[in-house]
Amino acid sequence: LLSRRQRQMCIRDRYGKEKRVKMAVSKKQPAKKRQKKKSSLWIIALIAVILLILVGVVFLVLPKFRKEAAPEKPETIKVEAAEKSYAAGSRLSEKNFRVYGISGKQKQLLDADTYSVSPAKVPAHGHSVTVEVSSKAYPDIKAEITVLIDREESVRYKIGRENPDDVEAVLYSNGDLEITGKGSVRNFKSDSAPWKKDSVKRLTWIDPEAEVESMDYWFTGNDEYLETLCRIPDTVRSIVETFKNATAMTSMPDMSGAVRLEDITSCAEGCIALEKAMELPGNIKQAKKAFYGDTALIEGADTTACMQLENMDSMYYGCVALASVQIPDSAKELSNICNGCVNLKEVHIPSSAQKMNSSFFGCTALESITGEIPSSCTDSGNLFSGCKFLSGTLTVSCTSKTTLSSSFSDAATAGTGLTIILRYDAEKSQETANTGFYGGTKSADEILNALKASMEATFSSGSHITITTNANKTEG
């Protein structure tokens, strides 16, 4: 048996051993925890690296790949505007439009970075703007869309003929004027247009349903008016003095669709900033003083389509810069048409001419004449007076009513000289018998010789004009 002391020592030894074992175990456990924690950190770091790589692929590699690899080419594209209208002067971008690529029955919304739009900016003036949208990868694939231009409204004028409320003229703060509504539009006398005292700078739109018959006096005397941005509608028949003395206007409106237009008398008279006229529609009959005094005008109106234009009296009077002019064969009244046009070098005499008084008076640069003076021309006083460089050959068909005494005064005093052939028009012999200036008993030769003598009496001493006569028949 163990004594009490021995039993206590054994117990201490056993507790000490157990304590030492527990301490040993406790020392091993923190090491394992640290190792486990370290492993977890490595796993987290690895996951972070993988995520970074994925982010790089998504944001760097794929966009580059998309740019380098062209998308499939659509057959066509369709454009839709995000808004109904856009503010005047605002910027346009790809995001303002929805663009769809269409291939067969498939329709796919395209990314904004796959197409471009033009123009990049909404015009400051006008009713609408046409935007072209084209594929960047395939520039030949494109489409257009027309969007309205939003402007600040200033005032409205009621101008309906039967019912004033049917049609209105709208003036915007930027000076744009538009005609809107349905029905006939009233006509105005000189100085009676309702916007006469307001600052109208441009006519930008006429509603297709507004029936404008006359634009007479719309902008007469408006020195702020600049241009017409819309076509003259096919309902218009007259534009008398419409732009007269619009001294700041630089261009004429498009009249190609104005198929009923007949009268353009003084339409652009006194427009001193105007450099080019327009194409005239085929139904024009009256153009008296249309461009009278337009000192900057270089190119005259295109009259190719004109088959009924008869009155061109003083049409280009005083257009000192005019270099080219067209005169259709239908023209009859040509008095003063190009009087004082000192830069004009070539003219055509129409076969229907009747009155040519001072038609080319003072055209000091005029050299060449095409056509001939017809027997229908009974008034040709001062026709080529002062045309000192006149040269070539000109035939004059004469009757007993023909007078040419002052037609060539001070003409052909320089240059190579002019030959005039006086030819008696036998077809007019019955028509002019006993009614002419030379008496009904004069022969054709006698009439031609009388004409020749009267002409030569007016020639200056330095004139280089030769006159020959050609009489095929005599007049009894």
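These numbers were taken from a predicted model, which means no experiment stands behind them.
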Asks: Under the side-chain contact (heavy atoms from CB on, under 4.5 Å) rule, collect the residues that match up with Asp223, sequence neighbours excluded.
Replies: Thr247
Asks: List in chain and number order the residues that pass ring-ring contact (aromatic ring centres under 6.0 Å, His included) with Tyr217, two or more places apart in sequence or in another chain; answer none if no residue qualifies.
Replies: none
Asks: What residues form a side-chain contact (heavy atoms from CB on, under 4.5 Å) with Ser85, not counting sequence neighbours?
Replies: Leu148, Asp150
Asks: Is it true that Ser397 and Glu372 share a donor-acceptor pair across their side chains at a distance under 3.5 Å?
Replies: yes
Asks: With sequence neighbours left out, which residue pairs that include part of residues 187-204 fulfil the salt bridge (Lys or Arg N to Asp or Glu O under 4.0 Å) condition?
Replies: Asp191-Lys196, Arg202-Glu227
Asks: Would you call Lys73 and Asp140 a salt bridge, using N to O less than 4.0 angstrom?
Replies: yes
Asks: According to the ring-ring contact (aromatic ring centres under 6.0 Å, His included) rule, which pairs have a member within residues 354-396, sequence neighbours left out?
Replies: Phe360-Phe384, Phe384-Phe408
Asks: Report the residues that fulfil side-chain hydrogen bond (donor to acceptor under 3.5 Å, both in side chains) with Ser173, sequence neighbours left out, ordered by chain and then residue number.
Replies: none
Asks: Does a salt bridge link Arg231 with Asp254, judged by any charged N lying under 4.0 Å from a carboxylate O?
Replies: yes
Asks: With sequence neighbours excluded, what pairs up with Ser351 under the side-chain contact (heavy atoms from CB on, under 4.5 Å) test?
Replies: Asp329
Asks: For His127, what residues pass the ring-ring contact (aromatic ring centres under 6.0 Å, His included) criterion, not counting sequence neighbours?
Replies: Trp205
Asks: Which residues pass the side-chain hydrogen bond (donor to acceptor under 3.5 Å, both in side chains) test with Ser385, not counting sequence neighbours?
Replies: Asn382, Ser409
Asks: Using the test side-chain contact (heavy atoms from CB on, under 4.5 Å), find all partners of Ala305 that sit at least two apart in sequence or belong to another chain.
Replies: none
Asks: Taking salt bridge (Lys or Arg N to Asp or Glu O under 4.0 Å) as the definition, give me every residue that meets it alongside Lys388, ordered by chain and number, with sequence neighbours left out.
Replies: none
Asks: Please name all residues satisfying salt bridge (Lys or Arg N to Asp or Glu O under 4.0 Å) with Arg237, sequence neighbours left out, ordered by chain then number.
Replies: Glu262
